[in-house]
Each structure stands twice: as structure tokens, then as C-alpha cells.
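All remarks here apply to the structure that follows.
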Amino acid sequence: MKIIFLVAGDSIYALLHQRLLLGLMLASLALTIFFSVVMSKARNQITQSFSDNQPMTNSFAFGGTNQMSQADQRKFREQVEQASSGIQAGFYGITSFGGSLVALFIFSTAVASEIRRGTIRLTLSKPVSRHQFLLGKYLGGVAVMAGYALVSGVAILIFSQTQNVELNSAIKWSPWLMFCRQLMLGSLAMLLSLFMHPIIASVLAYFAGNGFYSLHNPLYYLLPGYQDFNVFFKVLEGSLINFKDVVYLSLYATDFVIIMLLLALWRFRTKELV
Amino acid sequence: MTAIRIENLCKTYRGGQNGKDTTAVRDLSLEVKEGEIFGFLGPNGAGKTTTIHMLLNLIRPTHGTAHLFGQPVTDTAVHRRLGYLPESVNLHDYYCGRSLLNFYAGLCDMPAKVKPARVNELLKLLNLEGAAEKRVSKYSKGMAQRIGFAQAMLHDPDLLILDEPTASLDPVGRKEFRDILIELKRRGKTIFISSHILSEVETICDRVAILQNGELKRIGTLSELSSGKITKLVIKSLPAPVLEGLTATAAEVTLLHGRITIRCPDEELRQSVEELLCQHQVEIVQTETEVQSLEEIFFSSITPPPKL
């Protein structure tokens with residue numbers, strides 16, 4: 001286990017020195033902040049326009065305008081809720097997409113870049129087995145993605161507190177589900193990168209989801225179900241996510257990752273590393 | 001005991017250039033004994049690096065087997081006794097020199113107590129103390145080669161596999177490197193060294209193997225490989241009839257500081273010269289045997305490439 005952690009530590013250290021990866025993460029964060037600020041302004045505008053209309057509503061107070069006021073309030077609440085859901089969905093959408101790109105980059109290049117640069121030769125000349133190396137590389141990627149999910153979780157909490165946005169049930173689970181989805185994507189990208197160029201592996205891994213197929217197509221049951229982890233529409237609609245569903249999805253992701261890693265280990269065992 | 005045993009090793013790359021299979025190593029068999037410095041020679045594309053990669057289990061042989069200290073190369077545990085320096089040293093260049101060695105020491109499962117002392121010792125030995133905190137990406141080629149050598153020696157391995165180890169070193173660095181190898185040999189370490197610098201190999205190696213197009217051409221000590229042994233006969237006097245008799249042969253006569261030497265390039269000539277000297281009752285004071293240089297052996301072993 002010590003060797004796996006050492007390789008994982010080295011992997012994290014290497015990733016933190018990757019300018020492209022840091023750029024991707026920063027771009028994702030910047031986009032999230034930008035989108036959230038824009039959406040927050042839109043929500044404030046709705047509040048402002050309602051406040052501006054309030055004196056007018058009050059002036060009708062004597063002529064049975066109570067009903068109209070309630071309708072306005074309902075409309076206001078709906079608009080604010082829609083804006084809040086939009087902010088949260090946007091926040092989730094950008095962090096999730098950015099995270100997917102980051103995950104694909106990390107996992108598809110984890111082994112391929114070591115082979116390309118030749119550093120794997122020195123590492124494997126030490127008493128490090130191939131499976132320790134591969135698992136260490138995967139674990140390093142998991143740690144970075146966990147950090148990313150944690151940062152997005154904390155960011156959404158800070159944002160909701162500072163902007164008075166009430167978080168809906170779906171968004172509360174989004175960092176965890178996003179993390180699970182990224183690990184699935186990553187494990188598949190890592191497996192494919194042992195057969196082909198990392199870029200092709202990343203593209204294939206991203207578009208290999210069963211979301212493109214109907215329930216009647218056998219591929220639906222064979223390909224990974226990424227879309228179940230996507231809470232974008234649930235956040236937008238303000239739907240609930242059951243804890244039971246989260247457990248089920250987590251088990252599904254674990255299962256998928258284990259199968260992908262076993263296949264990757266099988267392939268890596270005999271792969272030519274020069 | 002045998003440090004390296006290679007038996008009928010073959011490596012063929014499927015669908016190489018023009019879709020044809022390329023054989024990099026053909027039916028290679030050799031043994032390297034413990035405590036030996038073994039030179040692995042051959043022109044570019046001879047299959048030296050491919051063989052080394054198979055010894056390190058980085059690539060799989062198409063046929064044949066390779067063992068290190070009696071264990072198959074696929075057994076990772078045997079790597080505890082192995083140090084490797086590749087031809088082009090590609091290091092994790094985001095570390096500083098000291099951190100890099102600490103990382104590799106961790107992979108070798110070196111106890112935390114001995115790690116700092118060993119790292120310092122190697123940094124000092126390879127004149128890298130001043131660059132210990134510098135990022136490896138800022139290292140010159142020579143410095144990268146030296147830190148690469150340090151990582152190979154880090155866990156004091158019994159076997160060092162060095163692929164073109166002095167390619168990036170200056171003459172001073174080469175001399176220091178040679179001294180380190182001789183010291184390691186004195187301590188009973190086995191060194192398998194692939195190099196193009198024949199003079200260097202000649203100085204330090206106990207035995208050499210010469211490869212060409214993936215085939216083993218020659219293997220042995222320098223005196224074993226030296227084809228016709230050159231003999232020098234030292235005599236006291238050179239009567240005119242003897243000199244006359246020698247002029248008709250390929251023997252070379254030199255007179256230096258009152259010492260007369262007759263150089264016979266092959267065994268047959270030596271016999272006829274000895275008969276001639278005997279006929280004229282000339283006493284042979286001393287007989288010296290001169291072996292071919294490694295360069296001569298090397299070029300006589302390989303087929304010259306076609307001229308452009």
C-alpha cells in the first residue's frame with residue numbers, strides 16, 4: 001500500500017505542476033463565478049422590479065387589490081425561485097462540465113504521459129509492480145478530483161450564504177454525484193488510453209454514455225449511465241433526490257470503476273512500456 | 001553465481017516499417033557473473049537497449065527467457081537488487097534534486113533513518129550538493145545524467161544496468177564515473193554497461209559482448225576475443241643474415257634504446273622467425289604478447305554498413 005500511496009502522491013504533485021490542468025480548473029472556476037454573478041444580478045433585478053411595483057399595489061389597497069397583491073407575491077416567489085434554480089443549475093452545469101474535462105485530462109494522460117516522457121522506466125526499475133503503479137496513478141487522480149468536488153461544494157455553500165440563495169435538495173448532492181461521475185469517466189478514459197491516444201480515449205470515454213441510446217437498444221445496458229448522475233434538470237426543476245437513489249448511484253459507480261480498473265490492470269500487465 | 005542469464009531471447013515487433021515485422025533481438029544467449037563489469041557493445045540499432053528493456057520487464061520477449069539472480073525478470077522483488085540508468089535520462093523534473101532522490105528512496109522502501117544520510121552521500125559523491133535544492137528541469141544534461149546515476153545507486157544495488165551512462169558527461173565527469181564503477185566493482189557489484197565509447201569499456205570491463213542486427217557476434221574477455229595474437233620477440237643482436245631473412249616477411253623490426261624488437265602479427269610468422277633466429281643462434285631474451293585493442297576487435301566483429 002505504501003508504494004501505491006507514494007505513486008499517488010507523486011501523481012498529485014505532478015498534476016499540480018501541469019499548467020494546462022491548472023488553467024482548466026481556473027477557467028472552470030472563473031466561468032462559474034461569472035455565470036453565478038450574472039444570474040444573481042438577474043435575480044436582484046426581479047426583486048428590484050417587484051419592489052418598484054409595490055407602492056402602486058399599495059395605492060389600490062382600498063379597492064380590493066389584496067387578491068392582486070397575493071398574485072404578485074406568488075409571481076415574485078416563482079420568479080425568484082426560478083432565478084435561484086437557474087443560478088444553482090448553471091453553477092452545477094459549469095463545475096460539472098469543467099470537472100469532466102479535468103477528469104478526462106488527468107486520467108487519460110496518467111499513464112500515457114509517463115510512457116511518452118520515459119519516466120515510467122525509472123519508476124518500474126524500482127521494486128514497484130505494474131498494478132501498484134496503475135492503482136497509484138488512479139488514486140492520485142481520485143485525490144485531485146475529490147479536491148475539485150470539495151472546492152465546488154464549498155464554493156456553492158459560500159455563494160448561497162453570501163447571495164441569500166436557498167439551496168435545493170438536488171444541488172446538495174451534486175458535488176458527490178459529480179465526483180462519482182468523474183471517477184467513472186476517468187476509469188474508462190484510463191482504460192482506453194492504454195489502447196489508444198489519450199485524446200481519442202477522452203473523446204470516446206465522454207461520448208460512451210448510454211444517454212445517446214433508447215431503452216430498447218442493448219447498448220443502453222452495456223454503456224455507462226452517466227446521465228443518471230447529472231442533476232442539472234433536477235436542480236432546474238427543483239426536484240428532490242432521495243438518499244436511496246444516491247446510495248444506488250454510488251454503488252453503481254463503484255461497481256463500474258472496479259470493472260474498468262480490473263480491465264485496465266489486465267491490459268497494463270502485458271503492455272509494452274517504451 | 002550468475003547475475004544475468006539470458007537464454008534464446010528474441011524480440012520481434014509486429015507490423016513495423018512498411019507493415020513488415022522487425023526483429024530487434026535474435027536468439028540471444030549470454031551470462032553475466034556476479035562481480036563482473038560486462039560491456040554490451042554494438043552499433044546503433046544492434047538491439048542493446050531492447051535487450052535492456054527486456055531485462056527490466058518493460059517489454060516482453062517474443063521468445064526466450066531472462067533471469068536476474070536466478071529470478072525471472074517478471075518478478076518485481078528482484079528489482080530490490082537492481083539499479084538502472086537509461087540512455088536518455090527522463091526524470092520527474094518537477095522535483096528538486098533532493099526530493100527526487102527521496103521519492104525514489106521511498107519506492108525502494110529505504111528506512112526513513114538511513115534515507116537522508118544516503119541521499120546526502122550520493123549528492124556529495126556526484127558533485128550535486130550545490131544543486132540539491134534546484135528543480136531538476138533546470139539541470140544541464142550532465143547534471144541530469146549524474147542525478148540519474150545517483151538514483152540508480154540509491155539503494156546500493158547488487159546489479160547496475162547502465163545504458164550509455166557517459167554520453168552526456170564531460171571528460172572530468174567520465175573519469176569520475178569510471179572511478180566510481182571501479183570502486184563498485186571492488187565492492188563486488190555487478191555492472192552491465194552498454195556504451196559506444198570503446199576506450200572506456202576497454203579500461204573497465206572484464207568481458208564484452210558485441211551485438212549487430214540483434215545477433216550476438218562475439219563474447220568473452222579482450223584476450224579471448226583478440227584474434228591473431230601479436231607477439232614481440234626481444235633479441236640482443238641482429239646479424240645481417242637474420243635481417244636479410246626478415247625483410248622478406250611481414251615482421252617489423254625496431255631498434256629503440258639499444259633494444260631490438262621483432263613484431264610478429266600472427267602465430268605462423270612467429271614460428272618462422274623463431275626458426276630463423278635459432279638457425280643463426282640468436283638468443284631470444286624476452287617474448288611479449290600483445291592483444292588487439294577493443295576497437296580492432298569491434299570492427300573485425302561487425303559487418304561494415306554499406307557505403308552511402
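Chain letters run A, B, ... following the sequence lines, proteins first, then strands; residues in each count from 1.
The 12-atom threshold is not exceeded at CD1 of A:Ile199, counting heavy atoms of other residues, nucleotides or ligands nearer than 6.0 Å.
Counting only heavy atoms from C-beta outward, the side chains of A:Val7 and B:Leu107 approach each other to under 4.5 Å. In this structure, B:Ile59 and A:Leu273 have side chains that are not in contact, with every pair of non-hydrogen atoms separated by 4.5 Å or more.
Residues A:Pro127 and B:Cys108 share a closest heavy-atom pair of CD-CA, 4.1 Å.
Here A:Val128 is the residue among A:Val128, A:Ile120, A:Leu16 with the most heavy-atom pairs under 4.5 Å with chain B.
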Practice problem: Test A:Leu124 against B:Leu56 for side chain to side chain contact (heavy atoms under 4.5 Å, CB included), laying out the working first. | Solution: CA-CA 8 Å; A:Leu124 292 185; B:Leu56 293 163; over 6 Å; no
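Contacts of A:Ser174 classified as side chain to side chain donor-acceptor pair (under 3.5 Å), with partners at least two apart in sequence or in another chain: none.
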Find the N and O donor-acceptor pairs between chain A and chain B that sit under 3.5 Å apart.
from     : atom 1 : to       : atom 2 : distance (Å)
A:Lys2   : NZ     : B:Asp109 : OD1    : 3.1
A:Asp10  : OD1    : B:Tyr94  : OH     : 2.9
A:Asp10  : OD1    : B:Tyr95  : OH     : 2.8
A:Arg117 : O      : B:Asn90  : ND2    : 3.1
A:Leu124 : O      : B:His79  : ND1    : 2.9
A:Ser125 : O      : B:His79  : ND1    : 3.4
A:Lys126 : O      : B:His79  : ND1    : 3.4
A:Lys126 : NZ     : B:Gln151 : O      : 2.9
A:Lys126 : NZ     : B:Gln151 : OE1    : 2.6
A:Arg130 : NH2    : B:Asn57  : O      : 2.7
A:Arg130 : NH2    : B:Leu58  : O      : 3.3
A:Arg269 : O      : B:Arg60  : NH2    : 2.7
A:Glu272 : OE1    : B:Lys11  : NZ     : 3.1
A:Glu272 : OE2    : B:Lys11  : NZ     : 3.0
A:Glu272 : OE2    : B:Arg60  : N      : 3.2
A:Leu273 : N      : B:Leu58  : O      : 2.9

